Asker: 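Mind looking over this structure? Questions follow.
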Amino acid sequence: TCALPICGQGLWRYNPQNESFKQYTADQKNGLTTNYLMSIHICKKGQIWIGTDGQFITRFDPLTERFTQIDYSWGDWSAVFSITCDLEYLWCGTWGSGLKRVNRNTLEIQNIDFDAGDQYRNSVFDVVLLDSTIWIANIGLGLFKMNRNATKPELVFSTNEPKGPFPNSRINDLETEGDSILWISTAGAGAIRYNVKTNTIKTINESNGLANSIIQTVVKDKHQQYWFPTISGVTVLSKDFNSPSNFYVHNGLASNAINKSAAFYDSEADQVYLGTQLGVSFFNPGNVEVDSFANRVIFTGFSIMGKPI
């Protein structure tokens with residue numbers, strides 16, 4: 001079953017076996033406090049955590065189909081863009097309220113600020129766990145890392161550094177590959193493949209054939225292909241980052257503009273899911289047919305300022 005949080009429509013569950021949908025909304029008295037959902041994370045124990053737009057986080061039990069709201073003590077800035085977890089903590093990236101570390105047993109919440117006096121510099125677009133280190137995408141400052149028990153993040157790459165790997169480009173998304181690779185998707189500088197152990201970087205952008213350098217996330221499938229959803233199409237590259245193929249609406253996408261962090265690969269079913277404002281597209285990445293035919297361009301007319309010549 002695929003769970004889809006939709007801002008304004010609550011939670012949808014999709015069963016690909018019988019192609020059925022089920023919707024959960026706040027008016028069903030199931031414990032859900034808002035229909036404006038922004039993020040989702042499934043922990044290894046099967047717990048489903050959902051970030052909301054204004055009501056912090058809620059926990060969904062797929063067996064009882066009930067939601068449990070997690071209480072929080074602050075008012076504003078309680079929208080949650082991203083969630084990750086380890087065995088002890090939940091980590092929640094918020095808009096304007098820094099990073100929240102939630103004890104999964106006691107539900108005690110600890111606040112970790114970056115710049116409490118600046119809403120933009122205290123916002124977190126994404127947070128992931130890689131080899132026991134927490135990696136944080138701060139919207140206004142750049143990439144941070146910190147030990148899971150620490151209280152102060154360490155800046156790794158600044159978006160304000162002219163000679164940095166992604167100068168003046170916001171981080172849209174973080175994804176992990178194995179125990180050493182961190183993918184950094186940016187709003188203009190392409191996708192950065194960062195090896196955290198060797199401290200080496202490889203940049204993938206339009207020079208590699210990407211449809212656009214504003215990358216929303218990165219997905220790797222079991223066929224050793226890399227998928228790069230952008231704001232204007234989706235590009236797939238081979239394992240050596242060559243042989244680009246681009247896909248658009250005329251290839252079957254619901255929209256060319258993929259939403260931020262709205263891509264998921266189901267390795268068991270071998271399905272890639274892509275979320276857009278016009279719906280969700282999904283496909284088997286091993287069976288995608290690439291149309292390599294080069295159509296001829298035929299001019300049927302030419303005009304200047306509306307006057308045919």
Side-chain angles (χ1 to χ4, degrees), residues 38-52 56-60 68-74 77-116 121-159 165-166 170-185 192-201 217-218 220 260-261 264:
M38 299 185 65
S39 55
I40 189 168
H41 184 79
I42 302 176
C43 294
K44 290 183 178 180
K45 291 184 178 181
Q47 291 180 324
I48 300 178
W49 296 91
I50 300 170
T52 75
F56 194 45
I57 60 173
T58 185
R59 182 173 58 211
F60 176 66
T68 302
Q69 174 68 40
I70 305 305
D71 293 331
Y72 57 99
S73 59
W74 62 97
W77 317 128
S78 51
V80 176
F81 282 117
S82 59
I83 305 172
T84 193
C85 68
D86 57 25
L87 295 177
E88 186 176 2
Y89 296 115
L90 285 171
W91 306 83
C92 306
T94 74
W95 174 263
S97 191
L99 181 68
K100 307 297 184 185
R101 178 165 53 197
V102 183
N103 187 299
R104 293 177 60 180
N105 295 317
T106 66
L107 298 182
E108 179 184 359
I109 302 172
Q110 182 178 6
N111 189 59
I112 299 171
D113 283 320
F114 301 82
D115 185 346
R121 292 159 62 93
N122 208 35
S123 294
V124 174
F125 246 6
D126 206 358
V127 55
V128 297
L129 180 66
L130 178 61
D131 195 24
S132 73
T133 298
I134 305 298
W135 294 86
I136 307 153
N138 180 291
I139 297 176
L141 296 174
L143 180 69
F144 286 80
K145 70 175 182 179
M146 75 179 216
N147 181 279
R148 56 185 298 277
N149 291 312
T151 58
K152 186 176 181 180
E154 173 189 348
L155 181 62
V156 179
F157 297 122
S158 171
T159 56
F166 41 91
R170 181 189 68 231
I171 301 175
N172 282 339
D173 181 84
L174 299 174
E175 294 293 336
T176 62
E177 179 187 347
D179 62 356
S180 61
I181 301 299
L182 181 68
W183 280 100
I184 307 167
S185 298
I192 313 298
R193 191 173 190 263
Y194 175 43
N195 189 315
V196 302
K197 293 186 176 179
T198 63
N199 197 35
T200 54
I201 283 176
T217 186
V218 179
K220 182 183 180 182
K260 187 196 91 66
S261 303
F264 168 73

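Keep in mind that this is a model prediction, so the values were computed, not measured. For reference, positions follow the sequence shown, starting with 1.
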Asker: What are the two closest non-hydrogen atoms of T133 and W135, and how far apart are they?
Answerer: O-CD1, 3.4 Å

Asker: Any donor and acceptor pair, going by atom type alone, linking the side chain of T176 with main-chain N or O of L182 inside 3.5 Å?
Answerer: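 Not a single qualifying donor-acceptor pair exists.
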
Asker: For K152, check side chain to side chain contact (heavy atoms under 4.5 Å, CB included) against everything at least two apart and list the hits.
Answerer: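 Counting only residues at least two positions away or on another chain, K152 forms no side chain to side chain contact (heavy atoms under 4.5 Å, CB included).
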
Asker: For F60 and I40, what are the C-alpha separation, side-chain angles and deciding distance, and is it a side chain to side chain contact (heavy atoms under 4.5 Å, CB included)?
Answerer: CA-CA 10 Å; F60 176 66; I40 189 168; over 6 Å; no

Asker: Of all residues at least two apart in sequence or in a different chain, which pass the salt bridge (charged side-chain N to carboxylate O under 4.0 Å, His left out) check with K145?
Answerer: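 Partners of K145 by the salt bridge (charged side-chain N to carboxylate O under 4.0 Å, His left out) criterion come out as none, since no residue qualifies.
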
Asker: For D115, give me all partners under salt bridge (charged side-chain N to carboxylate O under 4.0 Å, His left out), at least two apart in sequence or on another chain.
Answerer: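 Once residues adjacent in sequence are excluded, the partners of D115 under the salt bridge (charged side-chain N to carboxylate O under 4.0 Å, His left out) criterion are R121.
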
Asker: List the steps and the verdict of side chain to side chain contact (heavy atoms under 4.5 Å, CB included) for F166 and I184.
Answerer: CA-CA 9 Å; F166 41 91; I184 307 167; 4.2 Å; yes

Asker: Can you see which heavy atom on E175 is nearest to which on V218, and at what distance?
Answerer: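 Distance-wise, the nearest heavy atoms are CG-O, 3.4 Å.
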
Asker: Out of the candidates L107, I83, I50, only one should pair with I57 under the side-chain contact (heavy atoms from CB on, under 4.5 Å) rule; please name it.
Answerer: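 When side-chain contact (heavy atoms from CB on, under 4.5 Å) is applied between I57 and each of L107, I83, I50, only I83 qualifies.
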
Asker: Picking from F56, Y72, Y89, what satisfies side-chain contact (heavy atoms from CB on, under 4.5 Å) with V102?
Answerer: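 Among the candidates, only F56 passes.
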
Asker: For residues C43 and L90, report the shortest heavy-atom separation together with the two atoms involved.
Answerer: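 Residues C43 and L90, closest heavy atoms: SG-CD2, 4.2 Å.
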
Asker: Is D126 reaching over with its side chain to a backbone N or O of L174, donor-acceptor style, under 3.5 angstrom?
Answerer: yes

Asker: Test side chain to side chain contact (heavy atoms under 4.5 Å, CB included) on S180 and D131; report intermediate values, then the result.
Answerer: CA-CA 7 Å; S180 61; D131 195 24; over 6 Å; no

Asker: Excluding sequence neighbours, so at least two apart, what forms side-chain hydrogen bond (donor to acceptor under 3.5 Å, both in side chains) with D86?
Answerer: R148

Asker: Taking S39 for the side chain and V80 for the main chain, is one N or O donor matched with an acceptor at less than 3.5 Å?
Answerer: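 Side chain of S39 to backbone of V80: a pair is present.
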
Asker: Would you check, one step at a time, whether the test side chain to side chain contact (heavy atoms under 4.5 Å, CB included) holds for W95 with V124?
Answerer: CA-CA 6 Å; W95 174 263; V124 174; over 6 Å; no

Asker: Which residues pass the side chain to side chain contact (heavy atoms under 4.5 Å, CB included) test with N172, not counting sequence neighbours?
Answerer: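 Expected list: F125, R170, A187, I214, Q216, K260.
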
Asker: What is the minimum heavy-atom distance between L141 and N138, and which atoms define it?
Answerer: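 That closest heavy-atom pairing would be N-OD1, 2.8 Å.
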
Asker: Holding to side chain to side chain contact (heavy atoms under 4.5 Å, CB included), I want the full list of residues that pass it with D71, two or more places apart in sequence or in another chain.
Answerer: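 For D71, no residue satisfies side chain to side chain contact (heavy atoms under 4.5 Å, CB included) once neighbours in sequence are set aside.
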
Asker: Do S82 side-chain atoms and V127 backbone N/O form a donor-acceptor pair below 3.5 Å?
Answerer: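 The answer is yes, because a donor-acceptor pair under 3.5 Å joins these two groups.
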
